[in-house]
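Reviewing the structure listed below.
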Amino acid sequence: MSSKQISLADKYPFFDALEGDVAPLFTSKMQEAARVGCLRGVFGSSVVSTDWLEGNEALKSPAFDMELRDLVETLQRNGPLKDFQSMRQFCLEHPQARMSGSQTFYAFRIDTQRYRYHLRLFPQKGKFHIFCYQADQMREDLPKPDFNYAYRKRAKKKKDRGERT
């Protein structure tokens, strides 16, 4: 794996980008069948409010619910989801995980025996997302991009000019 492991309890090891290789921290649209769902959270004045975005409902099981609940409790007890200040501090301690695009966020991956979690922290907005995937449903045989497609030689079309007399 080209990611760097972050120590946050041995139970849920974090991985972040190493040397600019962010591929292990993201999934493609082709992985949607493996997505159990997404837990979104926002830090309020004294509580964290969360909501669940459905994914592949067939993958949601009592075992998954139990593991996700335990993961969130662990992150709230010992990690970046304890409170807003803890999240900001965690992000500052891991500048290599900073991603920029339309919004700046920090990306991490957590792997367990059965599931893969993609954690996105938005310290400037006080929110987070945990994208949840069932690992054995993730596609390893992703198609390789054809970089030559745009530059291939196209067969010239022959124009039908009719018969000459």
Side-chain angles (χ1 to χ4, degrees), residues 1-140:
M1 168 164 303
S2 61
S3 296
K4 183 174 99 178
Q5 188 170 348
I6 298 170
S7 178
L8 176 77
D10 295 331
K11 192 173 187 179
Y12 297 111
F14 271 61
F15 295 92
D16 68 1
L18 182 65
E19 297 175 12
D21 182 14
V22 298
L25 302 176
F26 294 91
T27 56
S28 70
K29 288 286 184 195
M30 296 183 74
Q31 302 295 4
E32 287 303 307
R35 188 168 67 88
V36 182
C38 176
L39 181 70
R40 293 187 306 186
V42 177
F43 289 98
S45 56
S46 61
V47 295
V48 175
S49 61
T50 60
D51 65 328
W52 177 254
L53 300 173
E54 295 294 333
N56 186 344
E57 190 64 29
L59 299 178
K60 195 171 180 201
S61 67
F64 166 76
D65 287 338
M66 221 166 56
E67 183 175 282
L68 179 61
R69 189 175 309 113
D70 186 60
L71 170 66
V72 171
E73 287 173 4
T74 301
L75 294 174
Q76 288 177 326
R77 188 173 49 251
N78 304 324
L81 302 186
K82 184 175 182 179
D83 55 33
F84 178 66
Q85 280 305 112
S86 297
M87 181 177 68
R88 283 190 56 177
Q89 186 61 39
F90 190 81
C91 291
L92 289 172
E93 291 170 359
H94 301 94
Q96 68 278 10
R98 185 174 190 261
M99 305 288 155
S100 293
S102 60
Q103 296 184 46
T104 297
F105 63 94
Y106 291 76
F108 302 93
R109 191 179 91 203
I110 302 167
D111 290 341
T112 66
Q113 188 172 13
R114 252 190 110 189
Y115 299 98
R116 175 173 289 172
Y117 303 94
H118 291 260
L119 177 63
R120 305 287 183 260
L121 303 176
F122 299 84
Q124 70 282 5
K125 297 194 180 245
K127 67 179 185 176
F128 64 88
H129 295 162
I130 303 175
F131 296 92
C132 310
Y133 297 89
Q134 187 168 317
D136 66 353
Q137 296 294 314
M138 298 193 74
R139 293 188 54 182
E140 297 295 332

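Positions are given from 1, in the same order as the sequence printed here. These values consider heavy atoms only, across backbone and side chains, with no hydrogens, waters or symmetry-generated copies.
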Listing, residues 123-134 side-chain donor-acceptor contacts under 3.5 Å, not counting sequence neighbours, or none:
{"unit_1": "Gln124", "atom_1": "NE2", "unit_2": "Thr104", "atom_2": "O", "d": "2.6"}
{"unit_1": "Tyr133", "atom_1": "OH", "unit_2": "Thr27", "atom_2": "OG1", "d": "2.8"}
{"unit_1": "Gln134", "atom_1": "NE2", "unit_2": "Asp136", "atom_2": "OD1", "d": "2.8"}

Within 6.0 angstrom of Gln113 CD, more than 12 heavy atoms from elsewhere: no
Close side-chain approach of His118 and Arg109, heavy atoms under 4.5 Å: yes
If I compare all heavy atoms of Val36 with all of Tyr115, which pair ends up nearest, and what's the gap? CG2-CE2, 4.4 Å
Can you list the steps and then say if Leu119 with Tyr106 is a side-chain contact (heavy atoms from CB on, under 4.5 Å)? CA-CA 8 Å; Leu119 177 63; Tyr106 291 76; over 6 Å; no
Hey, are the side chains of Ile110 and Leu71 touching, using non-hydrogen atoms and a 4.5 Å cut-off? yes
To the nearest 0.5 Å, how far apart are CD in Gln31 and CG in Asn56? 12.5 Å
Taking salt bridge (charged side-chain N to carboxylate O under 4.0 Å, His left out) as the definition, give me every residue that meets it alongside Glu32, ordered by chain and number, with sequence neighbours left out. Arg35
If you count heavy atoms of other groups shown closer than 6.0 angstrom to NZ of Lys60, is the number above 12? yes
Residue pair Leu81 / Leu121, side-chain heavy-atom distance below 4.5 Å: yes
Roughly how far, to the nearest 0.5 Å, is CG of Asp51 from CG of Leu39? 7.5 Å
To the nearest 0.5 Å, how far apart are CZ in Arg40 and CH2 in Trp52? 11.5 Å
Do you know which two heavy atoms are closest between Lys82 and Phe43, and how far apart they sit? C-CE2, 4.5 Å
With side-chain contact (heavy atoms from CB on, under 4.5 Å) as the criterion, how do Phe14 and Leu75 come out once you've worked through the C-alpha distance, each side chain's angles and the decisive distance to 0.1 Å? CA-CA 11 Å; Phe14 271 61; Leu75 294 174; 3.5 Å; yes
Output side-chain donor-acceptor pairs under 3.5 Å for residues 85-93, partner residues at least two apart or in another chain, one line each.
{"unit_1": "Ser86", "atom_1": "OG", "unit_2": "Asp83", "atom_2": "OD1", "d": "2.8"}
{"unit_1": "Gln89", "atom_1": "NE2", "unit_2": "Glu93", "atom_2": "OE2", "d": "3.2"}

